[in-house]
Student: 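This is the structure I have questions about; it appears just below.
No hydrogens, no waters, no symmetry mates; every other heavy atom, side chains included, goes into these values.
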Amino acid sequence: MPIPSATPTPDDYGLVDLVADIRQFQPRHVQIYLITRQLKPGVPVRSRAYNRFDFQPYRVDADAELQTFVLDRVNVRMATFVDQNYELTPFEVFPAEENRIVFRSPRQGDVGAFRNLIDTMTGESASLSQQTGADEPRLTRDNAESILPQVWAYCVKFQPDDPAHAPFWCFQRYSSSRIAGLDAKKRVLNFTSNTQLHLLTGPTFIFECYINCLFHQDQFYIFDKDKFEQIAGLDEQYQQRAEEIITTMTATSGISGLEHLAEACAKNSLFRNRLIQLSNRGLLTTIDSGRLAKMLATAQKHSKRLPLDAAGNISLSCVQDAKLLADLLDDAFLESDQTGYLYNASRKKRTVV
């Protein structure tokens, strides 16, 4: 089977090539893993340490029916990116556009502690490099009740017949809410005949195989950016960065009510990422009297009100105020020179003349 060899992925290896390669696999090439995530021993629950989690893959013995189902679902998912003309582009933490985009990121890129899991599963972790084949930790009926509540993601591996050829590793974020049978008050029933329901024993889980990212030849192909960031732990790193920004603003900006900014970040990851963008562009430390006057004038023109305290400083009173502040700092309120229409454009590309 002409699967690509284990050499660095060339720059011209695109989505069409990726989809074509996966289509050549057969059900017998499919391997399935459930991946747990736990705090490392001795690490406090509230710790924000970059590398505070341990990931552990557990091999799942799959029959031919499950292997066929998984292969079919992955092929359907992958074909979508070619059929709908998705663009392959380098990974960006804060991209200007995410529609019909597949991101590509090298293993050495910003993929958080998830890199340790990749090293483990590809046999490049010194501590677990010998745990292959029959020696791999496996999910069994005996250990399922202790392992399933800790499942963080699952992996579908396509293993070519020739070990010299690079495998494909597909990942999907998973939630314990999709597991049943662990709570004695909630059980799963199925029909054993046309009229009789039967109480299933032991845990069961929903397996839909809607992959969020794929790893092949030292490259990540990211189909769902938010889910990838959750799997890799980047989402938590971004949240930590937003909290640091708000702490700095509290001490230096003169703005009150910043707890509402923190609330907006906690509720909406896109808003949180936008705040980090504003900080990276230096827009959170330049609110002098001149800038404030322009912000107030813009808000008034667009029938908005930026609240001030008695001293004339910005005073946020709710999440909507925090969002308005971000819009004003981001130049989101614009007026067309041609039509005179007013717009709120949070995503835009600056023209360099």
Side-chain angles (χ1 to χ4, degrees), residues 1-10 12-35 56-86 88 102 104 107 117-124 128-141 144 151 153-174 178 204-224 227-228 231:
M1 179 167 84
I3 300 298
S5 60
T7 56
T9 302
D12 59 357
Y13 185 82
L15 288 175
V16 172
D17 305 296
L18 188 64
V19 171
D21 287 340
I22 290 178
R23 279 180 177 160
Q24 297 180 67
F25 286 107
Q26 300 174 22
R28 62 186 175 84
H29 296 114
V30 174
Q31 299 176 11
I32 300 173
Y33 296 81
L34 296 184
I35 300 165
Q56 175 64 59
Y58 289 87
R59 176 79 175 270
V60 177
D61 288 331
D63 61 15
E65 183 180 9
L66 178 55
Q67 290 174 311
T68 300
F69 167 77
V70 168
L71 180 60
D72 289 346
R73 295 308 304 161
V74 171
N75 276 326
V76 169
R77 171 75 162 145
M78 295 299 298
T80 300
F81 306 121
V82 173
D83 295 343
Q84 298 186 12
N85 299 313
Y86 275 61
L88 185 62
V102 172
R104 178 161 58 187
R107 183 212 298 247
L117 173 67
I118 295 298
D119 292 345
T120 296
M121 298 191 75
T122 57
E124 297 179 28
L128 293 172
S129 61
Q130 301 305 313
Q131 293 190 2
T132 57
D135 296 328
E136 292 176 314
R138 291 177 180 259
L139 180 73
T140 66
R141 181 185 292 271
V151 172
Y154 66 76
C155 171
V156 174
K157 176 185 179 184
F158 294 105
Q159 178 62 60
D161 292 323
D162 186 344
H165 292 164
F168 295 74
W169 309 80
C170 306
F171 295 92
Q172 179 175 343
R173 175 75 172 90
Y174 201 76
R178 307 185 72 77
T204 61
F205 56 96
I206 298 172
F207 192 83
E208 57 188 351
C209 201
Y210 187 81
I211 60 173
N212 305 136
C213 64
L214 181 150
F215 181 78
H216 176 61
Q217 292 185 335
D218 278 344
Q219 296 284 329
F220 285 101
Y221 296 86
I222 301 161
F223 314 123
D224 186 320
K227 290 293 191 296
F228 171 76
I231 293 172

Student: Do Y154 side-chain atoms and C209 backbone N/O form a donor-acceptor pair below 3.5 Å?
Tutor: yes
Student: Would you check if F171 and N212 make a side-chain contact, meaning some heavy-atom pair closer than 4.5 Å?
Tutor: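 Not in contact.
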Student: Identify every side-chain donor-acceptor pair in residues 66-74 under 3.5 Å, counting partners at least two apart or on other chains, and give the distances.
Tutor:
| residue | atom | partner | partner atom | Å |
| --- | --- | --- | --- | --- |
| Q67 | NE2 | P27 | O | 3.4 |
| Q67 | NE2 | V30 | O | 3.0 |
| T68 | OG1 | A64 | O | 2.8 |

Student: Rounded to the nearest 0.5 Å, how far apart are CG of L88 and CD1 of I222?
Tutor: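 Those atoms lie 10.0 Å apart.
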Student: How close do I35 and C155 get, counting heavy atoms only, and between which atoms?
Tutor: CD1-CB, 3.9 Å
Student: Check this for me: Q84, atom CD, are more than 12 non-hydrogen atoms of other residues, nucleotides or ligands nearer than 6.0 Å?
Tutor: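 Counting other residues, nucleotides and ligands, CD of Q84 exceeds 12 neighbours.
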Student: Taking C-beta and beyond as the side chain, do F223 and M78 meet within less than 4.5 Å on heavy atoms?
Tutor: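 Answer yes - side chains close enough.
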Student: Minimum heavy-atom separation for L15 to Y86, with atom names?
Tutor: CD1-O, 3.6 Å
Student: Hey, is the main chain of W169 close enough, under 3.5 Å, to the side chain of H216 for a donor-acceptor pair?
Tutor: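 The answer is no, because no donor-acceptor pair under 3.5 Å joins these two groups.
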Student: Looking at side-chain heavy atoms only, is the closest gap between V156 and F158 below 4.5 Å?
Tutor: yes
Student: In the structure I gave you, are the side-chain heavy atoms of F25 and F168 within less than 4.5 Å of one another anywhere?
Tutor: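 Yes - at least one pair of side-chain heavy atoms lies under 4.5 Å apart.
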Student: Check whether any side-chain heavy atom of E136 lies under 4.5 Å from a side-chain heavy atom of Y33, and answer yes or no.
Tutor: yes
Student: Any donor and acceptor pair, going by atom type alone, linking the side chain of D17 with main-chain N or O of G14 inside 3.5 Å?
Tutor: yes
Student: In Å and rounded to the nearest 0.5 Å, what is the CZ to CG distance from R59 to L34?
Tutor: 12.0 Å
Student: Please say whether more than 12 non-hydrogen atoms of neighbouring residues, nucleotides or ligands are located less than 6.0 Å from NZ in K157.
Tutor: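 Counting other residues, nucleotides and ligands, NZ of K157 exceeds 12 neighbours.
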Student: Kindly indicate whether the side chain of D161, heavy atoms from C-beta on, has any atom under 4.5 Å from the side chain of H29.
Tutor: yes
Student: Side chains of P167 and P160, heavy atoms from C-beta outward: is any pair under 4.5 Å?
Tutor: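 The answer is yes; the side chains approach within 4.5 Å.
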Student: Would you compute the distance between atom CZ of R77 and atom OH of Y210 and round it to the nearest 0.5 angstrom?
Tutor: 3.5 Å
Student: Do the non-hydrogen side-chain atoms of Y58 and R138 ever get within less than 4.5 Å of each other?
Tutor: no
Student: Who are the salt bridge (Lys or Arg N to Asp or Glu O under 4.0 Å) partners of D83, not counting sequence neighbours?
Tutor: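 For D83 there are no salt bridge (Lys or Arg N to Asp or Glu O under 4.0 Å) partners, ignoring immediate neighbours.
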Student: Let me confirm one number: the NE2-CD distance from H165 to Q217, rounded to the nearest 0.5 Å.
Tutor: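 Answer rounded to 0.5 Å: 10.0 Å.
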